[in-house]
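To start, the structure itself, in structure tokens.
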Amino acid sequence: MDSFLFQTVGSSAVHAIAECMELPLYIQEIRGRAVTQELDYTLTKDDETEDLFALLSKVKQEHPDVQAVSVGAIFSSYQGNRVQHVCDRLGLQMLAYLWHRDQVELLREMVANGITAVLIKVAALGLGKSDLGKTLEQMEPKLLSLHEQYGIHPCGEGGEFESFTLDCPLFKKRIVVDESEVVTHSDDQFAPVLYLNIRKVHLEPK
């Protein structure tokens, strides 16, 4: 589904990430939509932000010692403001360690520190079907070149691409994709929107 707040592509395999980190997984159905699309957020009935509030309320009930929520936002004030609003209501601290980091530097750091993440959605000039499933390490030269030529965000913060992490220093095991299919969302001549539907994965020891 299309969402202004959540990454939905790859959600079918999120359970594997929880298993790799040996952490419990809490799931909340997204019932709302982006009712209010202003940059700042106020409590709005049927907005998808309230689904996040419901999920984190459940987590806090199950784990009263939880004090903070970590988010991977880099430049999206739209997302950051909504997570902050939910955290304020629940008495939680929002941790945004990547906030306003230089994206060229950040991409290089992720590759250098052993984060194996693959592209599972593309939606930008210069990106296409052949890039799906490639790792950030494999894509680094191309992403930096497209950044220089067209100004795309090298970490995909402008919606140019989305990724799924198969391995990183926090994982106890690594994820292997066994079965996937390419889905065409929009067959634009210059910037097609394509995503990888992950059907089956398994875990391997590191």
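Quick caveat: nothing in here was measured; it's all calculated off a predicted structure.
- A single hydrophobic cluster is not seen to contain both F4 and V71; linkage of ILVMFWY side chains at heavy-atom distances under 4.5 Å, directly or through other members, places them apart.
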Steps toward salt bridge (charged side-chain N to carboxylate O under 4.0 Å, His left out) verdict (E50, R89): CA-CA 11 Å; E50 298 310 309; R89 289 158 62 191; 2.8 Å; yes

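- The backbone N or O of T116 lies less than 3.5 Å from no partner atom in the side chain of D167, so there is not a single donor-acceptor pair.
- Between the side chain of S12 and the backbone N or O of I198 there is at least one donor-acceptor pair closer than 3.5 Å.
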Candidate pair V86 and D88, rule side chain to side chain contact (heavy atoms under 4.5 Å, CB included), full reasoning: CA-CA 5 Å; V86 169; D88 289 345; over 6 Å; no

Residues H147, V104; criterion side chain to side chain contact (heavy atoms under 4.5 Å, CB included); working and verdict: CA-CA 9 Å; H147 172 64; V104 172; 3.7 Å; yes

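- Between the NE2 atom of H100 and the CG atom of L106 there is a distance of 13.0 Å, given to the nearest 0.5 Å.
- Side chain of E38 to main chain of D40: no donor-acceptor pair is present (N/O by atom type, distance under 3.5 Å, no hydrogens or angles).
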Salt bridge (charged side-chain N to carboxylate O under 4.0 Å, His left out) evaluation trace for R33 with D46: CA-CA 7 Å; R33 56 188 177 83; D46 296 328; over 6 Å; no

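- Within the 3.5 Å criterion, the main-chain N or O of S180 finds no donor-acceptor partner in the side chain of K200.
- In terms of hydrophobic clustering, with Ile, Leu, Val, Met, Phe, Trp and Tyr side chains grouped at heavy-atom distances under 4.5 Å, Y41 and L52 are assigned to different clusters.
- Residues G80 and M94 come closest through the heavy atom pair O-SD, 3.7 Å.
- Follow the hydrophobic side-chain contacts under 4.5 Å out from V183 and you reach L132 in the same cluster.
- Within the 4.5 Å cutoff, no side-chain heavy atoms of Y195 are placed close to those of E181.
- One finds the CG atom of L194 at 5.0 Å from the OG1 atom of T184 (value rounded to the nearest 0.5 Å).
- Salt bridge status for K173 with E19: absent, with no side-chain N to carboxylate O gap under 4.0 Å.
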Step-by-step salt bridge (charged side-chain N to carboxylate O under 4.0 Å, His left out) determination, R101 to E109: CA-CA 11 Å; R101 285 286 310 276; E109 272 186 31; 2.7 Å; yes

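- Between the CD atom in E140 and the CG atom in L107 there is a gap of 5.0 Å [rounded to 0.5 Å].
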Worked verdict on S163 versus V118 for side chain to side chain contact (heavy atoms under 4.5 Å, CB included): CA-CA 5 Å; S163 62; V118 294; over 6 Å; no

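- Annotation for D51 and G32: closest pair OD2-N, 2.8 Å, computed over non-hydrogen atoms.
- Side-chain atoms of K142 come within 3.5 Å of backbone atoms of G126 as a donor-acceptor pair (strictly under, hydrogens ignored).
- Between the CG atom of D131 and the CG atom of L196 there is a distance of 12.0 Å, given to the nearest 0.5 Å.
- For the pair F171 and T165, the minimum side-chain heavy-atom distance is below 4.5 Å.
- Note that NZ of K206 and CZ of R174 are 6.5 Å apart. Values are rounded to the nearest 0.5 Å.
- I152 places none of its side-chain heavy atoms less than 4.5 Å from the side chain of F161.
- Contact of the N81 side chain with the L39 side chain is registered, since non-hydrogen atoms from C-beta on lie closer than 4.5 Å.
- Between L144 and P154, the closest heavy-atom pair is CD2-CB, 4.3 Å.
- A donor-acceptor pair under 3.5 Å is formed between the side chain of E157 and the backbone N or O of F75.
- Going from atom CG of L136 over to atom SG of C155 covers 8.0 Å, rounded to the nearest 0.5 Å.
- Residues R199 and V177 fail the side-chain proximity criterion, which asks for heavy atoms closer than 4.5 Å.
- With hydrogens and angles left out, the side-chain atoms of T49 and D47 include a donor and acceptor closer than 3.5 Å.
- The shortest distance between side-chain heavy atoms of E204 and V176 falls below 4.5 Å.
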Worked check of side chain to side chain contact (heavy atoms under 4.5 Å, CB included) between Q61 and V66: CA-CA 9 Å; Q61 287 174 0; V66 167; over 6 Å; no

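- Checked for salt-bridge contact, E160 and K121 miss the test: no charged N lies under 4.0 Å from a carboxylate O.
- Here the closest non-hydrogen pair linking A191 and A124 is CB-C, 3.6 Å.
- Under a hydrophobic clustering in which Ile, Leu, Val, Met, Phe, Trp and Tyr are joined whenever their side-chain heavy atoms come within less than 4.5 Å, directly or via other members, Y78 and V35 fall into different clusters.
- One hydrophobic cluster, built from ILVMFWY side chains closer than 4.5 Å, cannot hold both V193 and L125; they sit in different ones.
- Smallest separation of non-hydrogen atoms from A123 and G159: CB-O, 3.7 Å.
- Of the possible donor and acceptor atoms, one in the side chain of S11 sits under 3.5 Å from a partner among the backbone N and O of T8.
- L119 has its side chain out of reach of K134: every pair of non-hydrogen atoms, C-beta onward, lies at least 4.5 Å apart.
- Looking only at distances, a side-chain donor or acceptor of S57 sits under 3.5 Å from a matching main-chain atom of F53.
- You'll find the side chain of C20 reaches within 4.5 Å of the side chain of I175, heavy atoms only.
- Shown here for A68 and L92, the closest heavy-atom pair between the two residues is N-CD2, 4.0 Å.
- A donor-acceptor pair under 3.5 Å links the side-chain atoms of T44 to the main chain of T42, judged by distance alone.
- Side-chain polar atoms of E137 and T135 form no donor-acceptor pair below 3.5 angstrom.
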